[in-house]
Visitor: 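What follows is a structure written as structure tokens; I'll ask about it next.
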There are 2 protein chains.
Amino acid sequence: MAAAAPSWVDLTLQSLRGEGFRNGGARRAVVDLLGRQECCLTAQEMFDRLRDEGNPVGIASIYRVLELLSEKGFVQRIEVGSGVARYEPAHHAGEHHHHHLVCDRCGKVEAFADEELEAAIHNVEGRTGYRVAGHDVVLRGACGDCR
Amino acid sequence: MAAAAPSWVDLTLQSLRGEGFRNGGARRAVVDLLGRQECCLTAQEMFDRLRDEGNPVGIASIYRVLELLSEKGFVQRIEVGSGVARYEPAHHAGEHHHHHLVCDRCGKVEAFADEELEAAIHNVEGRTGYRVAGHDVVLRGACGDCR
DNA sequence: CCCTAAATGGTAGCGGCTCTCATCTGGCGA
DNA sequence: TCGCCAGATGAGAGCCGCTACCATTTAGGG
Ligand SMILES: [Mn+2]
Ligand SMILES: [Mn+2]
Ligand SMILES: [Zn+2]
Ligand SMILES: [Zn+2]
């Protein structure tokens, strides 16, 4: 059988190591937390969860880690219109890649995935003149509870 | 021949009038400015342009107008990742409807349109359980100048 | 014209995020 | 194994987009 694919957490930390970064406690904690999420978190949510888990990390370090991970393409930064950035592990393709549905009224964020949509986006990318690094799709509306 | 379709500016102001709103000078100035744009502007850009045109409008009024226009669906609020909201006339379908390409490096925002993408999004909307009111697509990457 | 509720604009305040700097530490070389 | 030090961390000040507040102005029906 093939060797198990490295987890996103291991891949991320090892890649950074390979580039000469040091991976102190704050970065390891944030990467580990992100690796346990299904969908996006805000920086403040990460701060609160890490504190509650007994592994507090400074908010400045959280933002710094997220900036580095964004730059290197390991996390996707998502804006859903509330003025707060959200972050999640980036899966450029494959089973985990998804987009977001946001309730205009209660702010709930849910995930969806669609292959036809991905194909259409891929077709557009080739015609833009940009070297396209990623994409976001946000559907806005009223969730089942709010409509 | 058919009567000319009312402009977005006239449609917007008349619809608000019909709902009992009063359309003072600030609101007329902001709607008029938006009606002259090809793509999205920030609130601060609107403040500066209106001042430069000799028709200054308070920044608070600009945000208030944009909030009302957003609520009523006359403008689309767009977040492209820089922490600043942008706004443009909403065209839910038809020749003016488009999405955005953002350069990660220099921040430039350009528009693109694609029918196949719109069709794919429409197909997704039906399966979500949400009453979907709108959607955003942002492609991120490096523009021709920056790559 | 007048009246009144809606609209406006200056400004204080809020909150997310960034910057600065003193301190700490991962991990390499001796 | 141990000391070194560049990179990492965290507390707190500061920045900036946006909102709240309230005194003043004004749209527009009567
Ligand atoms: Mn996608
Ligand atoms: Mn569209
Ligand atoms: Zn909801
Ligand atoms: Zn660029």
Side-chain angles (χ1 to χ4, degrees), chain A residues 12-33 40-51 53-72 74-75 77-87 107 109, chain B residues 12-33 40-72 74-75 77-87 104 107 109:
Chain A
T12 299
L13 291 176
Q14 285 166 22
S15 298
L16 292 174
R17 245 349 253 111
E19 292 191 52
F21 294 97
R22 276 186 193 173
N23 295 334
R27 190 181 299 149
R28 287 196 309 272
V30 170
V31 170
D32 180 72
L33 175 63
C40 46
L41 289 178
T42 67
Q44 189 62 53
E45 285 167 350
M46 296 180 211
F47 179 86
D48 293 340
R49 292 201 193 187
L50 290 171
R51 182 175 33 67
E53 290 175 5
N55 193 11
V57 170
I59 192 72
S61 295
I62 290 176
Y63 280 109
R64 248 188 320 246
V65 170
L66 292 172
E67 187 185 5
L68 178 65
L69 295 177
S70 276
E71 249 174 53
K72 299 296 179 183
F74 295 114
V75 305
R77 180 189 168 130
I78 296 151
E79 312 246 354
V80 296
S82 57
V84 194
R86 293 175 164 271
Y87 302 83
V109 178
Chain B
T12 300
L13 290 176
Q14 285 166 23
S15 298
L16 292 173
R17 248 348 252 110
E19 291 190 53
F21 293 98
R22 275 182 193 177
N23 294 337
R27 191 181 298 148
R28 287 196 309 272
V30 171
V31 170
D32 179 72
L33 175 62
C40 46
L41 289 179
T42 67
Q44 190 62 50
E45 286 167 349
M46 296 180 210
F47 179 86
D48 293 339
R49 293 204 192 185
L50 290 172
R51 182 175 32 68
D52 293 348
E53 292 175 5
N55 192 10
V57 169
I59 191 73
S61 296
I62 290 175
Y63 280 110
R64 246 189 323 248
V65 169
L66 292 172
E67 187 185 6
L68 178 66
L69 295 177
S70 275
E71 247 174 54
K72 299 296 180 183
F74 294 114
V75 305
R77 180 189 167 128
I78 297 150
E79 313 245 353
V80 297
S82 58
V84 194
R86 293 174 164 270
Y87 302 84
D104 286 331
V109 177

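Numbered from 1 within each chain, the chains take letters A, B, ... in sequence-line order.
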Visitor: Testing D48(B), V84(B), I62(B) for side-chain contact (heavy atoms from CB on, under 4.5 Å) with T42(B), which one passes?
Guide: V84(B)
Visitor: In the structure I gave you, are the side-chain heavy atoms of D32(A) and N55(A) within less than 4.5 Å of one another anywhere?
Guide: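 Heavy-atom side-chain distance check fails, nothing below 4.5 Å.
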Visitor: In Å and rounded to the nearest 0.5 Å, what is the CE to CZ distance from M46(B) to R86(B)?
Guide: 9.5 Å
Visitor: I want to check something: taking the side chain as every heavy atom from C-beta on, are L41(A) and L33(A) in contact at a cut-off of under 4.5 Å?
Guide: yes
Visitor: I'd like a list of close polar pairs between nucleotides 2-6 of chain C and the protein, N/O only, cut-off under 3.5 Å.
Guide:
from, atom 1, to, atom 2, distance (Å)
dA5(C), N3, R22(B), NH1, 2.7
dA6(C), O4', R22(B), NH1, 3.4

Visitor: State, to the nearest 10°, the angle formed by the axis through the first five base pairs of the helix from dC1(C)-dG30(D) to dA30(C)-dT1(D) and the axis through its last five.
Guide: 30°
Visitor: Closest approach of R77(A) and S70(A), non-hydrogen atoms and distance?
Guide: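 Closest approach of R77(A) to S70(A), heavy atoms only: CB-OG, 4.1 Å.
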Visitor: With side chains defined as the heavy atoms from C-beta onward, is the minimum distance between V57(B) and V65(B) less than 4.5 Å?
Guide: no
Visitor: Would you give the length of the straight line joining atom CD of E79(A) to atom SG of C40(A), rounded to the nearest 0.5 angstrom?
Guide: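 Rounded to the nearest 0.5 Å, the CD-SG separation comes to 11.0 Å.
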Visitor: Pick the closest DNA chain D nucleotide for V65(A) and for R28(B) by heavy atoms, then say which residue is nearer the 5' end.
Guide: V65(A)
Visitor: Using a 4.5 Å cut-off on heavy atoms from C-beta on, say whether the side chain of R17(B) contacts that of N23(B).
Guide: yes
Visitor: Return the OG1 to CZ distance between T12(A) and R27(A), rounded to the nearest 0.5 Å.
Guide: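 The OG1 atom of T12(A) sits 11.0 Å away from the CZ atom of R27(A).
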Visitor: Grab the CD-C1' distance between Q14(A) and dG26(C) for me, whole Å please.
Guide: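 Rounded to the whole Å, the gap is 16 Å.
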Visitor: I'd like a table of atom pairs between the protein and nucleotides 11-17 of chain C - only N or O on both sides, under 3.5 Å - with the distance next to each one.
Guide:
from, atom 1, to, atom 2, distance (Å)
dC17(C), OP1, A85(A), N, 2.9
dC17(C), OP2, Y63(A), OH, 2.5
dC17(C), O5', Y63(A), OH, 3.4

Visitor: Among residues at least two apart in sequence or on other chains, which ones pass salt bridge (charged side-chain N to carboxylate O under 4.0 Å, His left out) with E19(B)?
Guide: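 Listed in chain order: K72(B).
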Visitor: Does F21(A) reach the side chain of L68(A), with side-chain heavy atoms less than 4.5 Å apart?
Guide: yes
Visitor: Quick check: do L50(B) and V30(B) have side-chain heavy atoms less than 4.5 Å from each other?
Guide: yes
Visitor: Under 3.5 Å, which N/O atoms of the protein pair with N/O atoms of nucleotides 28-30 of chain C?
Guide:
from, atom 1, to, atom 2, distance (Å)
dC28(C), OP1, R17(A), NH2, 2.8

Visitor: If you walk 5' to 3' along DNA chain D, what is the first nucleotide with an atom under 4.0 Å of a heavy atom in chain B, and what is the last?
Guide: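 It runs dG17(D) to dG29(D).
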Visitor: How many Å lie between CZ on R64(A) and C1' on dT20(C), as a whole number?
Guide: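 Value for this atom pair: 10 Å.
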Visitor: Return the CZ to CG distance between F74(A) and L13(A), rounded to the nearest 0.5 Å.
Guide: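 Separation between the atoms: 9.0 Å.
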Visitor: Got a second to check how far E45(A)'s CD is from Y87(A)'s OH, nearest 0.5 Å?
Guide: 12.0 Å
Visitor: To the nearest 0.5 Å, what is the distance between CG on D104(B) and OG on S82(B)?
Guide: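 It is 11.0 Å, given to the nearest 0.5 Å.
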